[in-house]
Each structure stands twice: as C-alpha cells, then as structure tokens.
Amino acid sequence: MAPPTTLNAAPLDIVEVNQKGVKHQSELAPYQSIVTPSSISTIPIINLHGLDDPLTKASIIKAIDKACTDWGLFLVVNHGIEESTIEEMLECVKAFFTLPLEEKMKYMARDLTIPVDYISQPNGTLREVLRHQGRPTSDEIILLWPSKPSNYKDAAKAFLEATWRLAMRLARAISEGLGKDEGYVEGTMEDGFQYILCNYYPPCPNPQQALGMGPHTDQCHMVILTDNVDGLQLKHIGKWVTVPNVPGALVVFLGTSMEKASEGRYKAAEHQVMVNEKTARISLAVGNGTEIKGLDARLHL
Ligand SMILES: O=C(O)CCC(=O)C(=O)O
Ligand SMILES: [Fe+2]
C-alpha cells in the first residue's frame, strides 16, 4: 500500500497567479491586494486514502490538524465522493441558473418558514444564489426543491448525503487531532443541520472593481465546497490567497462553531470571492454543523 501523502499545492506566488490572469498586486483595488508572494504559502492538499487504515490513519489525522491550525482550510483528494455525483450536481445547478428568471423566481421564499430560497443579486452583487436545507430533510421539504431540471432533487439528495458522510469522517479525524475522543465533534452533529448555497457568478468585465462575495466567515462546523473555476480566496496571515480549483479535489474550511468546538485552537476561515472576467463561476458550498431548529434554521440559510 502506498504511504499516505500530504501533497502540497503549487505555490501561490505572483507569477502563477498572473498566469491565471490576475493582475499584479499594485494594479488592484485595495481589497484585492491579494497575492501572497511567499512560496511557503501553499494550501495543503490532504489525501484521505488510508484514513480508515490503522497503519496510515495517524499521519493523515496529524496532517488535518496541522492544516486546520495553520490555515483553517485545506483541499481533500480521495475523499470518497463519486466524481459522477459531484458532476451531476454541478450540471443540475448550471441548468437551474440558465432557466428563465420567472422560473427561478418561483423559488424566492415568500416567508421565513420556507426552507428554499432563490435570490438574484444580493447586496448589489452580480451573484445569484439558490439555497436550501440538506438536513434535516423530509419528503415534504424535498418537494420544495427545484423541479427543473427534472433530476435536480435526486442529484441534490445524493450529493448532500455523500457530503454529510464526508463531513462525519472529517469530524472524527478532527476530534482525534484535537486529542479528544473520535466522537467528540460528531456527537455535536447528531441531529445536525446541513445547508447548501449554490452560487452563480456571471463573468464580470471589470473583475478588479467587483467582488463576487465580500469577506465573511460561515456559521457551521465545516463547509465542503466545489467549484468549476478559481474564485474563492482565503485570508491567511493578513493576505488574501486564491484557493486553487484542483480537479478531483474538494475544498474544506472551518466555520465559527468549529472554532468554538476546538476551544479556539482552530480559527474560522475568513473568505471572499473574486469574479472572473470571462468565465461564469458556479460554486456549491455545503455547510455542515450542529442542530439548529425551526425559524433559526431558516434564518441560517
Ligand atoms: O463561491 C464561493 O466559493 C464561496 C461561497 C461562500 O462563501 C458562501 O456561499 O458562503
Ligand atoms: Fe461563505
């Protein structure tokens, strides 16, 4: 068996980021002074193959603990979610956002009791977002999810269930990395809440002058995210670092309740989103956390 590996992403230095079309720091607006020129700034990519093998588990747990401590964000490969499950969900979400506006508007929540919502251009951004609960769920809730494209409900159910299983595996690994019982974090997620934000960012002719989403942290234990192109940025030691879109990898980052569960050892990842001049970007951000009930759950979306 191959030893577990903690691969390092290519250094996010100015040259590499420039090759991706982002301008030099001095040409950017202040909030986009983003580039970390140091080659030591490499976002960890953790290979989860071997996480269930007693021989290799400890070193993977150590790598996860280090990534959580140093970054609050890491990429995972061999994460156990089928490529086809992710692809189908991305395709469904893309198809949803290409529907006519009046069709999408059917999902605008009329009141706070409805656990599905579509918003066009929140806070003056160009973004569109479809968001809904993944857990707890029921046939009645799933009925409210988009009916177009026709496979949306099945694709979302499969994707969200697989994502929750991955969140549980990571919760166990994180607990051990914290020196606690394996079930420490998982125990707080027994009747846990899960939500998905499907974000669509159209191309923007002046990407230097706009942000897809401003700086924030998310209120959950961990977000598991996939996208079709770079755009997500993490604040790391005072600088914005672009999180690379690595084929086959998922992004994992910590939310505010994990900061609390870790008694401050880990920090919630502050992040923002850049827009792209040429390419529309879709991201699926799945928040996984503790139980949240009733109206609070709806407000949390
Ligand atoms: O689009 C992204 O990469 C991040 C989205 C995000 O931060 C969110 O939905 O809370
Ligand atoms: Fe976020």
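Just so you know, ligand 1 is whichever comes first in the structure, and atom 1 is the first atom listed for that ligand. No experiment lies behind these values; they were computed from the predicted model shown.
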Show the atoms of ligand 1 that are less than 4.0 angstrom away from any heavy atom in [X].
X: Leu225; value: 2 (C), 3 (O), 4 (C)
X: Arg281; value: 1 (O), 2 (C), 3 (O)
X: Ser283; value: 1 (O), 2 (C), 3 (O)
X: Val273; value: 1 (O), 2 (C), 3 (O), 4 (C)
X: Tyr201; value: 1 (O), 2 (C), 5 (C)

Exercise. Looking at ligand 1, does any of its N/O atoms fall within less than 3.5 Å of an N/O of Asn199?
Worked result: yes

Exercise. Please state the angle at the Fe ion (ligand 2) spanned by OD2 of Asp218 and NE2 of His271: what is it, rounded to 10 degrees?
Worked result: 80°

Problem set entry | Minimum heavy-atom distance Phe74-Ile43, with the two atoms named |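 Heavy atoms only, the tightest pair is CA-CG2, 4.4 Å.
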
Exercise. Nearest heavy-atom pair of Ala95 and Pro149: which atoms, and what distance?
Worked result: CB-CG, 3.8 Å

Problem set entry | Linked, directly or transitively: Trp164 and Trp145 (ILVMFWY side chains, under 4.5 Å) | yes

Exercise. Contact between Gln272 and ligand 1, counting heavy atoms under 4.0 Å?
Worked result: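 Judged by the 4.0 Å heavy-atom criterion, Gln272 does not count as contacting ligand 1.
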
Problem set entry | Proximity flag Asp218 to ligand 1, non-hydrogen atoms under 4.0 Å |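 Under 4.0 Å: yes for Asp218.
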
Exercise. Can you name the one residue among Leu225, Leu232, Leu73, Val223 that meets side chain to side chain contact (heavy atoms under 4.5 Å, CB included) with His271?
Worked result: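 That would be Leu232; it is the only one of Leu225, Leu232, Leu73, Val223 passing the side chain to side chain contact (heavy atoms under 4.5 Å, CB included) with His271.
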
Exercise. Given the rule in the ring pair (Phe, Tyr, Trp, His ring centres under 6.0 Å) test, do Phe97 and Tyr200 qualify, once you have shown the distances and angles that lead to the verdict?
Worked result: CA-CA 7 Å; Phe97 283 121; Tyr200 173 80; 5.4 Å; yes

Problem set entry | Residue pair Tyr184 / Ser262, side-chain donor-acceptor N/O under 3.5 Å |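 Looking only at side-chain atoms, Ser262 and Tyr184 do not form any donor-acceptor pair under 3.5 Å.
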
Exercise. Nearest to atom 10 (O) of ligand 1, what protein heavy atom do you find, and at what distance?
Worked result: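 Going atom by atom, the protein heavy atom closest to atom 10 (O) of ligand 1 ends up being His216 NE2, 3.2 Å.
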
For this session: Start with the C-alpha gap between Tyr195 and His132, add the side-chain angles, then the distance that decides, and say whether ring pair (Phe, Tyr, Trp, His ring centres under 6.0 Å) holds.
Result: CA-CA 6 Å; Tyr195 62 88; His132 60 77; over 10 Å; no

Problem set entry | Option with minimal heavy-atom separation from atom 6 (C) of ligand 1, where the choices are Arg131, Met213, Met274 | Met213

Exercise. Considering the options Asn199, Asn245, Asn228, which one meets the side chain to side chain donor-acceptor pair (under 3.5 Å) requirement together with Ser283?
Worked result: Asn199

